[in-house]
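All remarks here apply to the structure that follows.
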Amino acid sequence: MSDEQTSGEGGGTVDVLIPLGLDQAYSYAVPPGLSLKVGDVVQVPLGPRETVGVVWEIGSGRGGNLKRVSGLYDMPPLDPALMKLVDWVAWYTLAAKGSVLALALRRPPDDTPERPKLGVRLAGAPPARMTPARARAITAAEGGLLIAKSALAEAASVSAAVIDSLVDAGTFSIEPMPREQIATAPDPDYAKPELSEGQAEVAAALAASVKAAAYNVTLLEGVTGSGKTEVYFEAVAEAIRLGRQSLILMPEIALTAQFIDRFEARFGVKPGLWHSAVTGRKRERLQAAIAGGEAKVVAGARSALFLPYKDLGLIVVDEEHEAAYKQEDGVSYHARDMAVVRGKIESAPVILASATPSLETRVNAERGRYTHLKLPERFGGRELPGLGLVDLRRDKPERGRWISGALVKAIETNLEAKEQSLLFLNRRGYAPLTLCRDCGHRFQCPNCTAWLVDHRFRRALVCHHCGHVERRPHECPACHTPESLTACGPGVERLAEEVATLFPQARSIVLSSDFPGGTERLKQELMAVAQGEFDIVVGTQLVAKGHNFPGMTLVGVIDADLGLTSGDPRAAERTFQVLRQVTGRAGRGEKPGRALLQTHDPSHPVLTALISGDPERFYAAETAAREAAGLPPFGRLAALIVSGNTQAEAESHARALARSADAPAGVMVLGPAEAPLAVLRGRHRMRLIVKTAREVNLQDYLRSWLKRGPKPKGSVRVQVDVDPQSFL
DNA sequence: AGCACGCCGACT
DNA sequence: GTCGGCGTGCTC
């Protein structure tokens with residue numbers, strides 16, 4: 001009888017969860033001779049075909065005519081902790097259990113033998129006939145090291161054929177490459193950093209929590225340059241010393257060469273890297289190394305959360321406030337919150353690192369759910385930039401100009417001192433609105449409610465919301481007056497025009513995601529800026545993070561009010577974060593920096609808090625403003641995304657929820673502005689803010705609502721946006 | 001995820 | 001008249 005609970009013998013039944021959009025595990029009969037336990041990966045018939053699945057439960061199978069389990073895969077069973085995570089994430093996100101399992105389940109191993117990569121080595125005499133290409137290849141191969149053929153071809157900028165010919169000539173020998181080391185042990189004492197007293201203290205506290213091997217969450221807050229990474233690396237080092245695994249989660253874009261270099265400099269080897277571009281065999285081998293416990297440190301994007309760690313001793317979520325942690329298609333989850341849940345399940349400490357923590361994380365810290373550690377100083381004793389406001393109501397640029405007198409002066413001073421300036425305007429294109437001088441016609445997107453943005457360089461009007469593009473006509477489409485169209489408001493392109501007029505002698509550049517020539521060129525230009533090749537940089541959000549510009553001593557924010565009035569309940573928070581980041585670009589090198597923010601509302605709490613340098617003030621002001629506006633307080637918010645085939649349909653579903661008799665209090669319907677991707681795919685979404693009383697179990701409520709609700713034509717998906725741990 | 005069923009537009 | 005578009009539903 002007790003055997004029934006631990007294993008499904010021949011004649012019994014098992015419930016198998018299949019990694020598809022199914023919410024229930026299906027029951028199958030266990031064939032004679034097979035013994036199955038929970039977590040086993042099996043093959044089962046599903047409809048006309050065979051599928052992989054995981055034994056989720058034993059013996060609760062309904063009677064009747066069940067299909068049989070076809071077989072057991074020769075692979076390690078799913079870890080109970082991972083199963084628990086799948087159950088929890090499915091419950092929390094209201095996603096089908098099977099879809100969540102799909103995130104966690106490894107593909108059954110590919111049993112075709114791995115073909116070793118071939119490498120070449122300089123081994124013989126030069127060929128009888130020497131050509132420039134051959135000479136380059138030979139030079140590149142000097143030193144007698146074994147080099148992958150493709151890498152050598154790339155390095156010598158020759159084709160693979162040249163290398164092949166040199167192999168035939170006997171100049172190169174061809175040998176199988178040794179398997180790339182995927183899990184070389186990092187050395188916790190490879191290069192210990194020099195930490196300030198304050199940093200060492202925080203590092204010691206983090207290391208202690210790793211040693212304690214218990215769940216707890218620490219918010220590690222420190223401005224850019226305060227040494228956050230160095231400090232959490234000490235926690236990672238401690239985990240390595242204990243022989244346990246660490247996961248460093250980061251936004252996909254942050255998995256850069258810079259981070260890897262820093263890791264390698266600290267630990268002597270690269271971390272295991274997990275992101276969407278790691279595919280095929282490499283992915284399989286890394287998974288195996290993680291499951292086997294050989295991979296000690298994994299740095300990965302959000303999907304790394306569902307990897308089968310053997311002995312997870314630490315989770316770090318770098319840049320915890322980043323929106324990239326939100327998965328919006330398929331299973332909709334916030335990786336930071338799920339990381340906390342995984343930490344809880346695995347009894348591992350979790351570190352949330354950020355220079356600009358999100359409000360919900362602050363709330364959790366304030367309530368004592370998270371420990372709050374701060375790194376106040378910048379590393380090397382560098383000072384934070386001085387911040388100042390320019391009141392545009394007094395210092396008003398002339399019509400069609402956007403740079404105030406005070407800012408012009410500051411730029412001039414900087415130019416004379418041969419120091420760099422950054423003008424920040426978070427608006428791509430030339431002008432955000434185009435209208436007809438004659439009849440007042442405004443160019444609006446045919447799909448959305450957004451204005452079309454004038455992109456002069458591309459000679460087009462573009463909707464930044466859904467991607468719609470049209471030609472900029474020469475006459476007004478409404479009144480047909482020729483050449484009557486006029487640009488309203490500034491974008492970075494227009495600002496660059498003004499810079500060229502005001503400072504014709506300065507070397508300037510515009511950097512935005514529209515940069516002609518793509519990401520590669522953009523990277524080169526960022527490098528050029530860092531090397532001081534430009535005097536004035538005009539840029540969007542893109543310049544706010546990542547690259548360090550040591551020569552940048554002035555940051556001018558053209559419109560600090562931008563984004564404060566957008567109706568999005570998180571607008572103020574995002575503005576605060578981006579302004580803090582971009583003003584932090586000033587004075588990262590030898591010389592101190594300063595930042596000037598142009599505003600029409602100098603007493604705005606976001607700006608006064610920013611100027612004060614104390615983020616807590618922003619948080620306090622934001623909380624008060626919310627209360628005054630009748631918005632639900634932080635920590636009691638969740639967002640529900642309702643989608644339908646049309647916006648009207650989605651809206652009506654959303655209203656139906658808001659109206660239903662037992663709905664949680666304070667449901668608000670917001671516009672679809674936060675879901676540009678969904679709009680791109682032709683699906684309109686609504687975002688609801690749901691306020692709950694503490695007693696309401698939001699997930700269970702929504703789940704039941706979805707079951708009995710007005711069966712929508714489209715799909716209803718739920719993303720819980722804030723308040724991750726209230727039901728933990 | 002696949003695969004079947006089912007109801008409206010341009011074609012041998 | 002049908003071929004086929006993909007929306008919807010089902011799989012123990």
Side-chain angles (χ1 to χ4, degrees), chain A residues 4-5 7-32 34-73 75 78 83 86-87 89-90 93-110 276 279-280 283-284 303 306 327-333 641-650 652-653 678-685 703 706-717:
Chain A
E4 271 277 297
Q5 284 157 15
S7 72
E9 305 289 340
T13 69
V14 285
D15 292 351
V16 175
L17 187 61
I18 291 148
L20 301 175
L22 302 166
D23 202 30
Q24 288 169 339
Y26 286 168
S27 302
Y28 289 88
V30 183
L34 199 58
S35 173
L36 296 174
K37 58 184 188 305
V38 167
D40 276 342
V41 183
V42 291
Q43 194 185 64
V44 289
L46 182 72
R49 64 192 183 281
E50 295 284 319
T51 338
V52 63
V54 176
V55 176
W56 218 249
E57 255 180 279
I58 300 287
S60 78
R62 47 151 232 222
N65 245 3
L66 293 179
K67 287 192 182 176
R68 282 176 165 193
V69 173
S70 315
L72 175 67
Y73 277 106
M75 63 189 283
L78 209 67
M83 293 179 65
V86 168
D87 280 333
V89 171
T93 61
L94 308 199
K97 246 183 215 184
S99 327
V100 182
L101 175 63
L103 301 174
L105 188 62
R106 293 206 254 159
R107 286 211 328 268
D110 180 349
S276 54
T279 52
R283 202 175 175 88
E284 259 176 53
S303 59
F306 293 96
Q327 168 89 50
E328 306 236 277
D329 43 39
V331 181
S332 191
Y333 64 93
I641 296 174
V642 180
S643 54
N645 293 324
T646 64
Q647 186 170 327
E649 204 173 278
S652 93
H653 297 154
V679 175
L680 261 181
R681 297 197 187 99
R683 282 263 164 130
H684 298 271
R685 292 191 198 176
R703 211 174 253 286
L706 293 178
K707 283 220 173 85
R708 73 192 142 79
K711 203 58 195 154
K713 278 237 186 66
S715 52
V716 177
R717 310 192 318 129

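This is a predicted model, so every value here is computed, not measured. Letters go in sequence order (proteins before strands), and every chain restarts at 1.
Nucleotide dG9(C) holds its C1' atom 16 Å from the CG atom of D23(A), rounded to whole Å. Note: CG (L20(A)) to P (dT8(C)) measures 19 Å, nearest angstrom. With rounding to whole Å, R68(A) atom CZ is found 15 Å from dC12(C) atom P. The interatomic distance linking R49(A) (CZ) with dA1(B) (C1') rounds to 6 Å, in whole Å. Taking atom CD of residue Q43(A) and atom C1' of nucleotide dC12(C), one finds them 15 Å apart after rounding to whole Å. One interatomic measurement links the two molecules: CG of L66(A) to P of dT11(C), which rounds to 13 Å at whole-angstrom precision. Taking atom CG of residue L46(A) and atom C1' of nucleotide dG9(C), one finds them 13 Å apart after rounding to whole Å. Spacing between atom CD of E57(A) and atom P of dC12(C) amounts to 19 Å, rounded to whole angstrom units.
Across dT11(C), dC12(C), dC3(B), the shortest atom-to-atom separation from the side chain of P48(A) is found for dC3(B). Comparing atom distances between the K67(A) side chain and each of dT11(C), dC3(B), dC12(C) picks out dC12(C) as nearest.
Heavy atoms of I18(A) sit nowhere under 4.0 angstrom from any nucleic acid atom. The residue P19(A) sits apart from the nucleic acid: no heavy atom pair falls under 4.0 Å.
Atom CG of D15(A) sits about 9.5 Å away from atom CD of Q24(A), to the nearest 0.5 Å.
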**OP:** Decide yes or no on side-chain contact (heavy atoms from CB on, under 4.5 Å) for Y333(A) and V100(A), but give the supporting numbers first.
**Re:** CA-CA 10 Å; Y333(A) 64 93; V100(A) 182; over 6 Å; no
**OP:** Could you walk me through whether Y73(A) and V54(A) pass the side-chain contact (heavy atoms from CB on, under 4.5 Å) test, one step at a time?
**Re:** CA-CA 10 Å; Y73(A) 277 106; V54(A) 176; over 6 Å; no
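Contact record, V331(A) with S99(A): CG2-CB, 3.6 Å, taken as the closest heavy-atom pair.
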